[in-house]
Number of protein chains: 2
Amino acid sequence: MANPMYRQIAEDLRAQIEGGDLEPGQQLRTEIELRDHYGASRNTIRDATKLLAAWGMVETRPGQGTFVVRKIEPYVTTLTGSPKVPILYGEVDDSAAGATSGTERLLYSTDPQVEIQKAVASVGRLLQIAEGSQVISRHQKRSIDGTPWSMQTSFYPMGFILKGADRLIQADDIAIGTMKYLEQTLGLKQVGYRDWITVRTADGPEASFFNLPPDGRVSVFEVFRTAYDQTGTPMRLTVTVYPTDRNEFIVNVGDVPKDGDGVVPA
Amino acid sequence: MANPMYRQIAEDLRAQIEGGDLEPGQQLRTEIELRDHYGASRNTIRDATKLLAAWGMVETRPGQGTFVVRKIEPYVTTLTGSPKVPILYGEVDDSAAGATSGTERLLYSTDPQVEIQKAVASVGRLLQIAEGSQVISRHQKRSIDGTPWSMQTSFYPMGFILKGADRLIQADDIAIGTMKYLEQTLGLKQVGYRDWITVRTADGPEASFFNLPPDGRVSVFEVFRTAYDQTGTPMRLTVTVYPTDRNEFIVNVGDVPKDGDGVVPA
DNA sequence: GGGTATTTGTCCGTATGTATT
DNA sequence: AAATACATACGGACAAATACC
């Protein structure tokens, strides 16, 4: 016996899933049935399904059963350029739900939650201000087609308010865009940005908002975007968290064909 | 009791780790000691440590004990630009190991493993050739400072060989770089590339090479880089797999300050 | 709403195997 | 070889979530 029994059972079930014997969304046999089928104890069957869950192939629902996971249609964000999704702020109109046609996707964003905070170490470092100094924090949760998609928090130096950009501390959307607003009020123009991309396990609130399984299987992208003004000074830090199971990114460098068919690997 | 016992125990141990009572690398008390301490059964203690392992906070080693994980110093790759690490091919000279000084990091790469393969769906789509047509595959495993870092496979259309780029099927490094070689032999010049970034769970060989825990906790970046020539035709597809626990990425857009202090969030 | 059957979740005790020191 | 520590496996009991009548 090279492999332990629970692993062999997991491999067997994996083969059934990958072979198509078990469709995505379909329910597996119950633990009792699997116990009798494999001649193992229920706990060993549970070890096998736990391993499959760690592989991201099944999920268990208390009171219901064990199901083959349905892959979420990933949303692709192009980091080198602007997103092309129509954005809807405020309350969702339920009557309009389900009316999105074709491949067009609807992005819904909560109104910004504005707070004055002390800069933690990472925020201070990236904004090049002292750790602990005051910053404006604008937080939004965003969904696409009803699926929780990302949580975004933008940080601005507190000095922007004193210099006249007082709309930053109002808890509503700045329709023309904050970058244009800062240009009009403070003369700050964004000339470039740097994205820092990491992956980590989701914390509690994130797992809750994104509906992630509690076993820590799905991690999240954390993207730190530092925007620089014409003097090379950081003018905004945007931290966005995306679950890795429903998000992918594109980076275009140099002369490349337009996005379209043939850019998606799967 | 809002939470089950194993979860409360896990939270308690987590607080000890985050509070600094348990240092990274330090051994936890054994399962038997924890069982007596918390008044639970050994199986419940094991459920708690399994949860901590899923959170990426501890790792268990058979015959040794349970240890607080040591965070790996992440390696940062700038996607918009060329890497700046010195590359060493072939066998490693052990006598030189440990002699790297300062912040300089040593990249070691295996000799390319060259194969002729049929293009799978994703390779065919990104290279814009028919699925199942022949491609040259050049695979390398790479380490930084002795730590397994990435697995990279480049795919070229088979036609390149017939047109004279026959060094592509030799299993050694092309010192001047394959891009320059293709320019010299075929007149193909890379004018840009597109990176497609996804995250998925590691498969068996990947988990083995990268030394990842078998519980599926650590996932991997999979970056598909399609290089385009002056006619806008894909000339190479490079698929690189990086463990997410030791890799981060940077994307620079527009006019940004040089990399250096203040670009790292943590 | 209530009650019941089904299914997974939690917890226990025990025994044995395997890896490491 | 022996001791230690985690890994695997069993069987049992009860709890909690869900679905259905």
Side-chain angles (χ1 to χ4, degrees), chain A residues 1-14 17 22 25-69 207-208 211-217, chain B residues 1-13 17 22 25-69 204 207-208 211-217:
Chain A
M1 246 92 72
N3 279 336
M5 191 188 304
Y6 78 95
R7 199 176 184 77
Q8 292 180 37
I9 295 172
E11 299 280 3
D12 188 59
L13 291 169
R14 182 167 73 100
I17 293 169
L22 293 165
Q26 186 181 343
Q27 182 173 3
L28 270 66
R29 282 170 292 180
T30 67
E31 293 173 347
I32 303 298
E33 288 170 329
L34 290 172
R35 162 172 67 86
D36 297 339
H37 176 61
Y38 287 107
S41 77
R42 188 184 153 221
N43 278 326
T44 300
I45 297 296
R46 283 178 60 74
D47 283 343
T49 55
K50 276 178 199 163
L51 187 57
L52 283 170
W55 289 342
M57 307 199 65
V58 304
E59 60 180 335
T60 58
R61 303 180 203 149
Q64 298 187 50
T66 306
F67 300 82
V68 181
V69 292
S208 161
N211 244 308
L212 303 180
D215 54 15
R217 173 169 61 71
Chain B
M1 245 90 74
N3 279 336
M5 191 188 306
Y6 76 95
R7 187 176 265 277
Q8 292 179 36
I9 295 171
E11 300 279 3
D12 187 58
L13 290 169
I17 293 170
L22 294 164
Q26 187 181 346
Q27 182 174 1
L28 270 66
R29 282 170 291 181
T30 68
E31 292 173 347
I32 302 298
E33 288 170 330
L34 290 172
R35 163 172 67 88
D36 297 339
H37 176 60
Y38 287 107
S41 79
R42 189 182 151 224
N43 279 327
T44 300
I45 297 296
R46 283 179 58 74
D47 283 342
T49 54
K50 277 179 198 163
L51 187 56
L52 282 170
W55 290 342
M57 307 198 65
V58 304
E59 61 180 334
T60 58
R61 303 181 203 145
Q64 297 186 52
T66 305
F67 300 83
V68 181
V69 292
S208 162
N211 245 307
L212 303 180
D215 54 15
R217 169 172 111 289

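In the text below, chain A, chain B and the rest are named by the order of the sequence lines, each starting its count at 1. Values in this document were obtained by computation on a predicted structure and should not be read as measured data. Side-chain atoms are counted along with the backbone in the values below, which use heavy atoms only and exclude waters and symmetry mates.
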Exercise for the section: Calculate, to the nearest 0.5 Å, the distance between atoms OG and CD belonging to A/Ser41 and A/Glu31 respectively. Expected result: 10.5 Å
Handout entry: Contact under 4.0 Å: A/Arg46 side-chain N or O vs C/dG9 OP1/OP2
Key = yes
Handout entry: A/Glu11 side chain reached by A/Arg14 side chain, heavy atoms, under 4.5 Å
Key = yes
Practice task
Just compare C/dT10, D/dC10, C/dG9 and give me whichever is closest to any side-chain atom of A/Thr44.
Solution key: D/dC10
Exercise for the section: Using only heavy-atom distances, determine whether the side chains of A/Tyr38 and A/Asp12 contain a donor-acceptor pair under 3.5 Å. Expected result: yes
Handout entry: B/Thr66 side, atom OG1; B/Leu34 side, atom CG - distance, nearest 0.5 Å
Key = 7.5 Å
Completion exercise
pair_partner(D/dA1), Watson-Crick or wobble, both distances < 3.5 Å, evaluates to none
Practice task
Could you tell me the separation between the OH atom of B/Tyr6 and the P atom of C/dC12, rounded to a whole number of Å?
Solution key: 13 Å
Problem - D/dA19 phosphate, OP1 or OP2, under 4.0 Å from A/Gln64 side-chain N/O - result: yes
Handout entry: No-H, no-angle donor-acceptor pair, B/Arg35 side chain to C/dG13 base, under 3.5 Å
Key = no
Practice task
State whether B/Thr66 places a side-chain N or O below 4.0 Å from either non-bridging phosphate oxygen (OP1 or OP2) of D/dC6.
Solution key: yes
Practice task
Please check the phosphate of C/dT7 (OP1 and OP2 only) for any side-chain N or O of A/Thr60 closer than 4.0 Å.
Solution key: no
Practice task
Mind checking B/Thr49 for me? I need base, sugar-phosphate or nothing, with any heavy atom below 4.0 Å counting as a touch.
Solution key: nothing
Handout entry: Salt bridge B/Glu59-B/Arg61, side-chain N to carboxylate O under 4.0 Å
Key = yes
Fill in the blank from the handout: Whole-Å distance, B/Glu31 CD to D/dT8 C1', equals 12 Å
Exercise for the section: Measure the distance from CG on B/Asn3 to P on D/dA16 and round it to the nearest whole Å. Expected result: 13 Å
Completion exercise
Result for 5'-nearest mapping on DNA chain C, choosing between A/Arg61 and B/Ala40, is A/Arg61
Handout entry: Presence of A/Thr30 side-chain N/O under 4.0 Å of C/dT6 phosphate oxygens OP1/OP2
Key = no
Exercise for the section: Could you check which of D/dG11, D/dA7, C/dG9 has an atom nearest any side-chain atom of B/Pro62? Expected result: D/dA7
Practice task
Figure out the CZ/P separation between B/Arg42 and D/dC10, and round it to whole Å.
Solution key: 16 Å
